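This report concerns only the one structure given below.
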Amino acid sequence: QVQLVVSGGGLVQPGGSRRLSCAAPGSNFSIYAMCWYRHTPGNQRELVATLTSGRRTNYADSVKGRFTISRDNAKKTVYLQMNSLKPEDTDVYYCYARIFVAAGTYDYWGQGTQVTVSS
């Protein structure tokens, strides 16, 4: 099994920056895509940023120009660099990974990390 280890949440001032990380330790799998999610107003998951195995990125309109997703392939870690943070960015952020193993392709969710943007 794969465990996604998430860290980086905390309290940050408006306009400040925060960097989230999500690591997928192990060597018996390949990562197809890793993403960051948060909640929608309806308390559903909202896709914030995606990074595919082809190094393609995609961002929610609300974070374009402010957030950057990247990955260290050697460490199997994805990062979410959050700049110019706004109070409306306050949420629990979740890491997601689509992973290929011998038995097939599976989706994994990491634990949430709370990001609070407040003065």
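Sequential numbering from 1 along the given sequence is applied to the chain's residues. As the structure is a prediction and not an experimental result, all values here were calculated from the model. No hydrogens, no waters, no symmetry mates; every other heavy atom, side chains included, goes into these values.
For residues 2-19, no residue pair satisfies the salt bridge (Lys or Arg N to Asp or Glu O under 4.0 Å) rule, not counting sequence neighbours. Under the salt bridge (Lys or Arg N to Asp or Glu O under 4.0 Å) criterion, the residue pairs touching residues 47-62 are D61-K64, with sequence neighbours excluded. Each ring pair (Phe, Tyr, Trp, His ring centres under 6.0 Å) pair with one or both residues in residues 38-62, not counting sequence neighbours, appears once here: H39-Y94. Applying the disulfide bond (SG atoms under 2.5 Å apart) test to every pair with at least one member in residues 30-60, sequence neighbours left out, gives no pairs at all.
Linking Ile, Leu, Val, Met, Phe, Trp and Tyr whenever their side-chain heavy atoms come within less than 4.5 Å puts Y106 and L4 in one cluster. Connection of V6 to V115 is established within a shared hydrophobic cluster, with ILVMFWY side chains joined at heavy-atom distances below 4.5 Å, either directly or through further cluster members. Taken together through direct or relayed side-chain contacts under 4.5 Å among Ile, Leu, Val, Met, Phe, Trp and Tyr, Y37 and L80 form parts of separate hydrophobic clusters.
How far OG of S118 is from CG of L11: 6.5 Å, rounded to the nearest 0.5 Å. Distance check: I69 CD1 to L20 CG gives 10.0 Å after rounding to the nearest 0.5 Å. To the nearest 0.5 Å, atoms CH2 (W36) and CZ (R45) are separated by 14.0 Å. Distance check, rounded to the nearest 0.5 Å: CH2 of W109 to SG of C22 gives 10.5 Å.
In this structure, the side chains of T77 and M34 stay at 4.5 Å or more apart for every pair of heavy atoms. Counting heavy atoms from C-beta on, the side chains of Y108 and Q3 never come closer than 4.5 Å.
With D72 contributing its side chain and A74 its backbone, the two residues share a donor-acceptor pair below 3.5 Å. The backbone N or O of A24 sits nowhere less than 3.5 Å from a side-chain atom of K75 that would complete a donor-acceptor pair. With hydrogens and angles ignored, the 3.5 Å screen pairs no side-chain donor or acceptor of K86 with any backbone N or O of P14.
Under the salt bridge (Lys or Arg N to Asp or Glu O under 4.0 Å) criterion, D107 pairs with R98, not counting sequence neighbours. Partners of Y79 under the ring-ring contact (aromatic ring centres under 6.0 Å, His included) rule, at least two apart in sequence or in another chain, do not exist in this structure. With sequence neighbours left out, S21 forms a side-chain hydrogen bond (donor to acceptor under 3.5 Å, both in side chains) with S7. Considering only residues two or more places apart in sequence or on other chains, Y32 meets the ring-ring contact (aromatic ring centres under 6.0 Å, His included) condition with F100. When the side-chain hydrogen bond (donor to acceptor under 3.5 Å, both in side chains) test is applied to T105, no partner is found at least two apart in sequence or on another chain. Residues that satisfy the salt bridge (Lys or Arg N to Asp or Glu O under 4.0 Å) test with D89, not counting sequence neighbours, are R38, R66. By the side chain to side chain contact (heavy atoms under 4.5 Å, CB included) test, Q114 is found to be paired with T90, V92, T116, residues two or more places apart in sequence or in another chain being considered. For S17, the side chain to side chain contact (heavy atoms under 4.5 Å, CB included) criterion is met by Q81, N83, not counting sequence neighbours.
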